[in-house]
Amino acid sequence: MARIWLLILVLLAGWGTARLAGVTGLETSETYLLASQLLLAVGLYGNTHDIDPAEARAHARLIVAAVTVGVVLKAALIAGVLYLFTGDPLALVLAVAVAQIDPLSVASVMGDSRLSPKARTILAAWASFDDPVTVVLSVYAATLAFSSGGITLSHLADLGWNAVFAGTAYVVWRLVRRGPAWLINLAAVAAVLVGAWTFLMLGLAAAGLFLRLPDGRRLAQAVAVAFPLAAFLMGMLLVGGVAVAEGLLLGAVAFCAQGFAAVALTWGLPVIDRVRLALAQQNGVTAVILALVFERSLDGFVAVVAPAVVTVNLLHALANRAADTWERRRSVVP
């Protein structure tokens with residue numbers, strides 16, 4: 001709940017700042033766009049940096065299914081319901097933008113979670129890897145929704161460039177990994193900057209698995225700061241208004257879609273683990289920054305996503321509090 005209040009306060013602070021300063025047209029600024037992409041790059045790199053590759057490989061089949069089939073299934077459910085009720089042509093892109101699970105929020109509750117070690121690993125990797133998958137899918141979703149030419153070879157080539165980026169980062173890592181700490185840090189900063197400039201986010205997220213910093217504390221601090229900064233920028237764009245009803249619907253459907261996806265993908269896990277995974281939907285820095293990026297070309301995007309993010313996180317807090325009560329009662333039943 002503290003995180004939700006922080007989000008609301010930062011959004012209001014951004015809105016108030018823009019109102020008082022008379023700021024308009026922020027989404028058309030090149031500086032604004034680059035800042036948004038840099039925040040997203042920092043978040044994605046930081047999210048995958050701390051994943052244990054050995055643990056991820058041990059549960060690779062379920063994780064791959066979650067970040068591919070799971071993301072597509074969730075996005076399809078969200079888009080279908082949203083379009084059915086609103087007829088909004090933005091439905092597909094909005095759905096993809098909120099389909100991912102925020103890894104920063106997940107990380108904050110992992111320490112005291114009653115999930116089994118296996119389920120914790122699944123959730124941590126799911127939350128980290130569906131972010132870059134969502135970023136890539138959101139670009140394709142926007143193309144399908146608003147481009148008469150559909151997906152072109154240039155769009156498909158982006159996947160190849162992401163692979164090239166990740167491969168190059170790996171070569172650089174092999175060259176500097178035994179060098180001084182400053183050289184490794186420089187390589188990581190360069191990867192984040194290039195990833196932000198080129199928008200090769202999937203390749204950057206993959207680089208986070210091997211391009212490890214000698215001391216990750218500064219990176220963790222940078223990732224933690226990225227969320228309020230992105231929320232503040234989002235608040236500044238809300239001077240044009242807020243689509244409360246559509247945002248509430250989008251958030252509620254996104255939360256429910258996670259439940260459907262988790263139930264479909266987690267057969268064989270203990271019941272409590274399946275419940276926790278079904279209630280794991282949270283939105284944070286990726287949804288916020290995607291909204292900032294798309295507001296540039298899709299007017300009104302932020303007006304819907306902002307209340308949706310608040311709705312998802314509020315439902316997460318209430319549902320998991322109810323699950324805590326259910327689990328306590330379940331544990332004392334003879």
*Determine, stepwise, if the pair L62 / L265 fulfils side chain to side chain contact (heavy atoms under 4.5 Å, CB included).*
CA-CA 7 Å; L62 178 53; L265 294 171; 4.1 Å; yes
*Stepwise side chain to side chain contact (heavy atoms under 4.5 Å, CB included) test for F232 and T17*: CA-CA 9 Å; F232 185 84; T17 300; 3.5 Å; yes
*Could you check V302 against V242 for side chain to side chain contact (heavy atoms under 4.5 Å, CB included), going step by step and ending with a plain yes or no?*
CA-CA 8 Å; V302 164; V242 182; over 6 Å; no
_Evaluation steps, side chain to side chain contact (heavy atoms under 4.5 Å, CB included), between L11 and V310_ = CA-CA 10 Å; L11 286 172; V310 175; 4.1 Å; yes
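Here L90 contributes atom CG and L94 contributes atom CG; the two are 5.0 Å apart, rounded to the nearest 0.5 Å. In this structure, W173 CH2 and F210 CZ are separated by 9.5 Å, a value rounded to the nearest 0.5 Å. Between L279 atom CG and L318 atom CG the span is 11.0 Å, to the nearest 0.5 Å. Between the CG atom in L39 and the CG atom in L34 there is a gap of 11.0 Å [rounded to 0.5 Å]. Expressed to the nearest 0.5 Å, how far CG of D324 lies from CZ of R276 amounts to 4.5 Å. Within the model, atoms OG1 of T134 and CE of M201 stand 13.0 Å from one another, a figure rounded to the nearest 0.5 Å.
Taking each heavy atom of I184 and G179 in turn, the nearest pair found is CD1-O, 4.0 Å. The two residues G251 and V312 come nearest to each other via the heavy atoms O-CG2, 3.3 Å. Listed here is the closest heavy atom pair of L123 and A280: CD1-CB, 3.7 Å. For the residue pair A261 and L73, the shortest heavy atom distance occurs at CA-CD2, 4.0 Å. Smallest separation of non-hydrogen atoms from I78 and A254: CD1-CA, 3.6 Å. Across all non-hydrogen atoms, the minimal contact from N185 to P214 is OD1-CD, 3.6 Å.
Hydrophobic clustering of Ile, Leu, Val, Met, Phe, Trp and Tyr side chains at less than 4.5 Å, counting indirect connections, unites L211 with L193. If you chain together hydrophobic residues whose side chains sit under 4.5 Å apart, L12 and V304 fall into the same group. There is a path of hydrophobic side-chain contacts, each under 4.5 Å, that joins V225 to V309. Under the 4.5 Å side-chain heavy-atom criterion for Ile, Leu, Val, Met, Phe, Trp and Tyr, L229 and V288 are members of the same hydrophobic cluster. Cluster annotation: V194 is connected to L200 through the hydrophobic network of ILVMFWY side chains, with a link wherever side-chain heavy atoms come within less than 4.5 Å.
Side chain of D88 to backbone of L82: no donor-acceptor contact under 3.5 angstrom is found. In this structure, R218 contributes its side chain and D215 its backbone to no donor-acceptor pair below 3.5 Å.
Of the residues listed (I101, N313, L315), the one engaging Q281 in a side-chain contact (heavy atoms from CB on, under 4.5 Å) is I101, and it is the only one.
Side-chain contact check for L269 versus L277: some heavy-atom pair is nearer than 4.5 Å. Residues Q37 and L292 are not in side-chain contact: their nearest non-hydrogen atoms beyond the backbone lie 4.5 Å or more apart. In this structure, the side chains of T198 and W161 stay at 4.5 Å or more apart for every pair of heavy atoms. Counting heavy atoms from C-beta outward, I272 and W326 have side chains that approach closer than 4.5 Å. Between W126 and I63, the closest side-chain pair of non-hydrogen atoms is not below 4.5 Å.
More than 12 heavy atoms of other shown residues, nucleotides or ligands fall within 6.0 angstrom of atom CZ in F199. Heavy-atom neighbours of R19 CZ from other residues, nucleotides or ligands within 6.0 Å: at or below the threshold of 12. Applying the 6.0 Å contact sphere to OH of Y170 captures no more than 12 heavy atoms from other residues, nucleotides or ligands.
Ring planes of F255 and H316: perpendicular class, angle over 60° (limits at 30 and 60°).
A cation-pi arrangement, defined by a distance under 6.0 Å to the six-membered ring centre and an angle within 45 degrees of its axis, is present between R274 and W267.
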